[in-house]
Q: 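Following this message is one structure expressed as structure tokens.
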Amino acid sequence: MPHIGPETAPCDLVTVPVRQGLEAVDILRRGADHEAVGPVLHDGACATLGFLVPPGTADAWDVPGSACTRTDGRGLRIPAEPPVTGGGWLLPPAEDSRVTDPVVLRAALDQAARLIEAADNCR
């Protein structure tokens, strides 16, 4: 899993609607491995969240309601400032932190979608 540090590795970016993303962040942070969630970006309008994942994740990403931006060798790298104009860090990168494991993220997004659906159907 790529680390974020002096030789920052390129990353792909999984974007999801903010409600599902916030639920997924909560799920990941409550898990046994609190390091399961890496840096997370938000856009300026707070409509979407972006999870940093290892490069190449976009090749097999197929989670409904989300998108994964491929780096194509250009690589999204993690500077001190968010790479999204007008956006910011929901969870900023820490020295030597890891990006989010796509398998773990997929499971959290699936669980978040189920929780949201159940909450919306309880009216």
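Owing to the predicted nature of the structure, the values given are computational and were not obtained by experimental measurement.
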Q: For the hydrophobic clusters of this structure (ILVMFWY residues joined by side-chain heavy atoms under 4.5 Å, transitively), does one cluster hold both Val25 and Val104?
A: yes
Q: Determine whether Leu22 and Leu49 make a side-chain contact, defined as any pair of heavy atoms from C-beta on separated by less than 4.5 Å.
A: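 They are in side-chain contact.
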Q: Between Val63 and Leu28, is there shared hydrophobic-cluster membership here, with clusters defined by ILVMFWY side-chain heavy atoms closer than 4.5 Å?
A: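 As far as the 4.5 Å side-chain criterion goes, Leu28 and Val63 are connected within one cluster.
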Q: With clusters built from Ile, Leu, Val, Met, Phe, Trp and Tyr whose side-chain heavy atoms come within less than 4.5 Å, directly or transitively, what are the remaining members of the cluster of Ile27, listed by chain and number?
A: Leu115
Q: With a 4.5 Å cut-off on side-chain heavy atoms, are His42 and Val18 touching?
A: no
Q: Could you point out which residue of Leu105, Thr69, Val53 forms a side-chain contact (heavy atoms from CB on, under 4.5 Å) with Trp61?
A: Leu105
Q: In Å and rounded to the nearest 0.5 Å, what is the CZ to OG distance from Phe51 to Ser66?
A: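 One finds 10.0 Å between CZ of Phe51 and OG of Ser66.
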Q: Heavy atoms only: give me the nearest Gln20-Ala112 pair and the separation to one decimal.
A: O-CB, 3.6 Å
Q: Report the distance from atom CZ of Arg19 to atom CD1 of Ile116, rounding to the nearest 0.5 Å.
A: 5.0 Å
Q: Would you check if Leu13 and Leu52 make a side-chain contact, meaning some heavy-atom pair closer than 4.5 Å?
A: yes
Q: Please assess Val40 against Trp89 for the test side-chain contact (heavy atoms from CB on, under 4.5 Å), listing each intermediate value before the final yes or no.
A: CA-CA 6 Å; Val40 179; Trp89 293 111; over 6 Å; no
Q: Is there a side-chain contact between Cys11 and Pro54, using heavy atoms and a 4.5 Å cut-off?
A: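 Answer no - side chains too far apart.
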Q: Keeping the roles fixed (side chain from Asp12, backbone from Thr57), state whether a donor-acceptor pair exists under 3.5 Å.
A: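 Yes, Asp12 side chain to Thr57 backbone: donor-acceptor pair under 3.5 Å.
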Q: Give me the atom names and distance for the closest heavy-atom approach of Gly65 to Pro17.
A: O-CD, 3.3 Å
Q: At their closest point, which heavy atom of Val99 faces which heavy atom of Pro39, and how far apart are they?
A: CA-CD, 4.4 Å
Q: In Å, rounded to the nearest 0.5 Å, how long is the span from CZ of Arg29 to CG of Leu91?
A: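 Arg29 atom CZ to Leu91 atom CG measures 5.0 Å (nearest 0.5 Å).
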Q: Considering only residues two or more places apart or on different chains, which pairs with a residue in residues 106-118 satisfy salt bridge (Lys or Arg N to Asp or Glu O under 4.0 Å)?
A: Asp62-Arg106
